[in-house]
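One structure is given here, and the rest of the page talks about it.
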Amino acid sequence: MSVAIDVARQRAPVQDESFRTEYLQALRLIERLHRLLLDVIKDEFDREGGAELNSVQALLLYNIGESELTAGELKSRGYYLGSNVSYNLKKLVDMGYIHYKRSDTDRRSVRVSLTDKGMAACDVVHKLYHRQLGSVQSVGEITGDDFKGLNKALVRLERFWSDQIRYRL
């Protein structure tokens with residue numbers, strides 16, 4: 001077993017109560033912010049008249065963008081769970097937002113890309129994000145430095161959680 005794993009398995013020193021409180025609050029905020037982002041996206045599609053899409057499907061279209069991907073690639077990028085992405089891809093194909101084709105190299109694999117209708121939905125999310133960029137600093141009072149610090153901490157947390165799974169810590 002590697003030294004890194006042995007060190008990680010040793011009992012961590014007891015953290016002060018404020019650290020525990022901040023960590024648990026961060027977990028609640030991450031979960032709540034994800035749900036709120038989905039609500040913001042759904043609200044935008046309701047206003048635009050695209051209510052047939054749910055927010056998870058709209059975000060999926062945005063994350064595919066101009067790429068041609070497999071469901072496995074979407075899953076491996078960390079966007080979606082396997083059953084969730086498969087279900088939503090099927091629905092999006094049925095609704096005409098995505099077209100798919102069998103891979104030339106692996107006939108079991110299906111590659112997906114956006115149709116014109118899918119690109120239009122992707123553009124709604126893109127415009128929403130772009131519009132928010134215009135006010136997040138002045139109205140939300142969140143600076144570029146705030147985002148740099150936030151992103152740095154979130155990347156570290158992502159790595160920590162990934163290591164928890166990978167090395168069974």
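These numbers come from a predicted model, not from an experiment. Sequential numbering from 1 along the given sequence is applied to the chain's residues.
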message = Measuring from atom NZ of K90 to atom OH of Y100, what distance do you get when rounded to the nearest 0.5 angstrom?
response = 8.5 Å
Donor-acceptor contacts, no H, no angles, side chain residues 112-129, under 3.5 Å, sequence neighbours left out:
residue	atom	partner	partner atom	Å
S113	OG	H99	NE2	2.7
T115	OG1	G96	O	2.6
T115	OG1	Y97	O	3.1
T115	OG1	K117	N	3.3
T115	OG1	G118	N	3.2
K117	NZ	E52	OE2	3.2
K117	NZ	M95	O	2.8
D123	OD2	K127	NZ	3.3

inquiry  = Under the rule for side-chain hydrogen bond (donor to acceptor under 3.5 Å, both in side chains), what residues qualify as partners of E31, not counting sequence neighbours?
reply    = R35
ask   = Below 4.5 Å, heavy atoms only, C-beta onward: do V136 and F147 meet side chain to side chain?
value = yes
key: Salt-bridge present (D163, R166; N to O < 4.0 Å)   = yes
inquiry  = Quick check: do I41 and E44 have side-chain heavy atoms less than 4.5 Å from each other?
reply    = no
query = Between CG of N63 and CG of L69, what distance do you get to the nearest 0.5 Å?
reply = 9.5 Å
request  = Report yes if the side chains of I30 and L157 come closer than 4.5 Å at any heavy-atom pair, otherwise no.
outcome  = yes
message = Using the rule that Ile, Leu, Val, Met, Phe, Trp and Tyr join whenever any side-chain heavy atoms are under 4.5 Å apart, tell me whether L27 and F160 fall into a single cluster.
response = yes
key: Pairwise distance OG(S162) to OH(Y167) - rounded to 0.5 angstrom   = 10.0 Å
query = In Å, rounded to the nearest 0.5 Å, how long is the span from CZ of R20 to OG of S18?
reply = 11.5 Å
request  = May I ask whether L36 and L150 are part of the same hydrophobic cluster, defined by side-chain heavy atoms of I, L, V, M, F, W, Y residues being less than 4.5 angstrom apart, directly or through others?
outcome  = no
query = In Å and rounded to the nearest 0.5 Å, what is the CD1 to CG distance from I64 to L92?
reply = 7.0 Å
task = Of all the heavy-atom pairs spanning V40 and Q132, show the shortest one and how long it is.
result = CG1-NE2, 3.5 Å
note = Residues at least two apart in sequence or cross-chain that pass salt bridge (charged side-chain N to carboxylate O under 4.0 Å, His left out) with D43, listed by chain then number, are R47
task = Please list, chain by chain and in numerical order, all residues satisfying side chain to side chain contact (heavy atoms under 4.5 Å, CB included) with L38, sequence neighbours excluded.
result = H34, S55, V56, L59
remark   = In this structure, CG of L29 is separated from CG of L24 (nearest 0.5 Å) by 11.0 Å
remark   = Quick note, side chain to side chain donor-acceptor pair (under 3.5 Å) partners involving residues 144-160, not counting sequence neighbours, are T143-D146
inquiry  = Could you work out, with salt bridge (charged side-chain N to carboxylate O under 4.0 Å, His left out) as the rule, every residue matching R28, not counting sequence neighbours?
reply    = none
query = Hey, does L60 have a side-chain heavy atom less than 4.5 Å from the side chain of N84?
reply = no
ask   = Quick one: does E73's side chain have a donor or acceptor within less than 3.5 Å of a partner on T70's backbone?
value = yes
request  = Grab the two heavy atoms, one from G134 and one from S138, that are nearest each other, plus how far apart they are.
outcome  = O-OG, 4.1 Å
